[in-house]
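A short write-up of the structure that comes next.
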Amino acid sequence: MTPVDPTVFLRLGTHAEKEYFEKTLKRFNGLIIGANLVEATPGATASLIVKLCGKPKPVPYLIDPMTYAFGSYVDPASGATRDDLDWIKSDKKVKGGKGKTTREFKSSYAKLAEEFGIIFSQSLKRGSAIGPDDLESARVRSQVCEVVLKYQLDRVRREFEGGDYAELADGIPPPTHVIAPYFYLEPSRQKEWMRASWSLLKAASSRGGNIPVFAILCAPKESLGDDGFLNEVAQQIPQSGAAGVWLWFSKLDEHLASQKELSNLKKLTRSLASRIKVLNLHGSFFSMGLSLHGMQAIAHGVGYGEQKDVVPVVGQSTPTVRYYLPSLHARFGVPQIERGFSTVGVRTPADFFEKVCGCVICRGVIGPSLSNFREFGEMHYSTSSSRRAAQTPAAAKRCRFHFLLCRLQERDSLKGKSMEAVAQNIRAGADRWKGTTVASEADHAEIWAKVLATD
Amino acid sequence: MLSPVTRYVRRKGFTLLCPEVPFFEHRIDLFGLSVPTGYTIAIELKLKKWRRALEQALVYQLCSDYVYIALPWEQGRYVELAELVKNRIGLILVGRDKCRTALVATKSLETRDYYRREYAELLRRGTL
């Protein structure tokens, strides 16, 4: 297998993240925007694409059509398969209802269903998910592919047409590739979903025109332990005519994954990469290291997103953005890291810049005093009634920018490296922090080194 | 376990005490100050899993001069005392309304004065 240079796409989660993209995207390799975000804020999203991906230095972008949102899913709380589309609904206040609420489809997904039409709008009308049966007819599959691909090619342009800024429409570059409609290959009907997905992918690939068509393989992480599944994927996706595939194993956290799971991810990557492009939609440094085995790109958000569940868990408080420790390619709490300084030999800011991180953010925050490291974890009570302290927005921002700069550095450091050198670097990083308070959360390092270093 | 441990630590001279003290994302189960000496103490209470308690205790050494883990009496036999000694962490065993120091903590070498002073001051002012 020929190693490739790794590339990194950033995924825009909300427009509140705009600043990170404006300041760093040009140094990354591409932008991903979910179609639900396009529908929630079409004007703002289209303007951002013009700004970031238009001339003079266009950055490649693509729109994730998010079609899986209309399929069945596994409820993270109960583990049951659900067809009620509830996860794309939210509680809305009833006007004049004195605090009464009603559960309705989120407007972004309602608009997306309207855009896609056919089985998508029907699914919302009847209030139940699209199933493999809905995709049995070749005519339906063909229609679905046509609207979903066309959406990605012209939705942003349409936002400007006929208005005061019509001239901007011509300046919008096409996406770097389009994504075939895809659904979550949920375990209870995985075989049926797989059959329907391969047929959809074939239909989409034959309609791509000048723009390459890519697949998204969206499956539970448990599928990585199923050899039959992996063999079928490795056979069917390249045969479909797709130019590439983004892998998305739901809930696969590469820091917590077993050696078997990661070995199988590598095996699948190697098998696919000999025929088509392979990318990871939500990957960490490990997947970037898989570039040694043919993985072309990874994607993630600005602060999180190195793993993603198909259905988000609702009702959780905003997580703290922890400090990304480059030596271990993982995030830890500020005091956990600070407690390890004496073991690692960090006594001065100069030690920190040499042994922990010397990025421009860390240099700016720490400046002349190591005690300033705590600013990455600064906490406050956001309102007078808050019961728990939370990270300040400024501290979260420092952590995110630091993470993005680290990611660029990691990407560049992998270029031209041998498998042995990468594994050695990972082990050296773990050795440096051995015996510290972060070591108990660093088991991934040895697993990564082992998996990446072998064919 | 909080009540007997609070009474016990108060008798040891740490008269200003506060439970559930936030320290970054952590919550120190019991944090205290000895006004005459100016020393601070942090205690991590756990029903079992002493190793997890030790991990947290090590972090609290950043803001406390003395750090203990407190476990139910019967859990004491599972603890590797040498591990605690090596890390200067003390051990309090908690019975019904009664506590015993199974291992005295040694003054932390990891305490950062900027955390210690800030937390001691907040305790003095009663604003923790």
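In what follows, chains carry the letters A, B, and so on, assigned in the order in which the sequence lines appear, proteins first and then strands, with residues in each chain numbered from 1.
Interface residue E110(B): only side-chain heavy atoms are found under 4.5 Å from chain A. Q61(B) touches chain A through its side chain: at least one heavy atom from C-beta onward sits under 4.5 Å away, while N, CA, C and O do not. For R27(B), the part sitting under 4.5 Å from any heavy atom of chain A is the side chain, from C-beta outward, and nothing else. Both the backbone and the side chain of S371(A) come within contact range of chain B, judged by heavy atoms closer than 4.5 Å. For chain B, the nearby part of Y381(A) is the side chain; its heavy atoms alone come within less than 4.5 Å. For a residue to count as touching a neighbouring chain, one of its non-hydrogen atoms must lie under 4.5 Å from one of that chain's; by this rule R322(A) touches chain B with the side chain only.
Ring geometry for W448(A) against H255(A) counts as tilted: the plane angle lies between 30° and 60°, on a 0 to 90° scale. Using cut-offs of 30° and 60° on the angle between ring planes, the pair F373(A) and F341(A) is tilted.
In summary, the side chains of E378(A) and T392(A) do present a donor paired with an acceptor at a separation below 3.5 Å, with no hydrogens or angles considered. Between the side chains of D309(A) and S250(A), not a single donor N or O lies within less than 3.5 Å of an accepting N or O. The closest side-chain donor-acceptor pair between E441(A) and Q336(A) falls under 3.5 angstrom.
Distance check, rounded to the nearest 0.5 Å: OH of Y114(B) to CZ of R117(B) gives 10.5 Å.
Put simply, of A390(A), S342(A), A395(A), the one with the most heavy-atom pairs under 4.5 Å next to chain B is S342(A).
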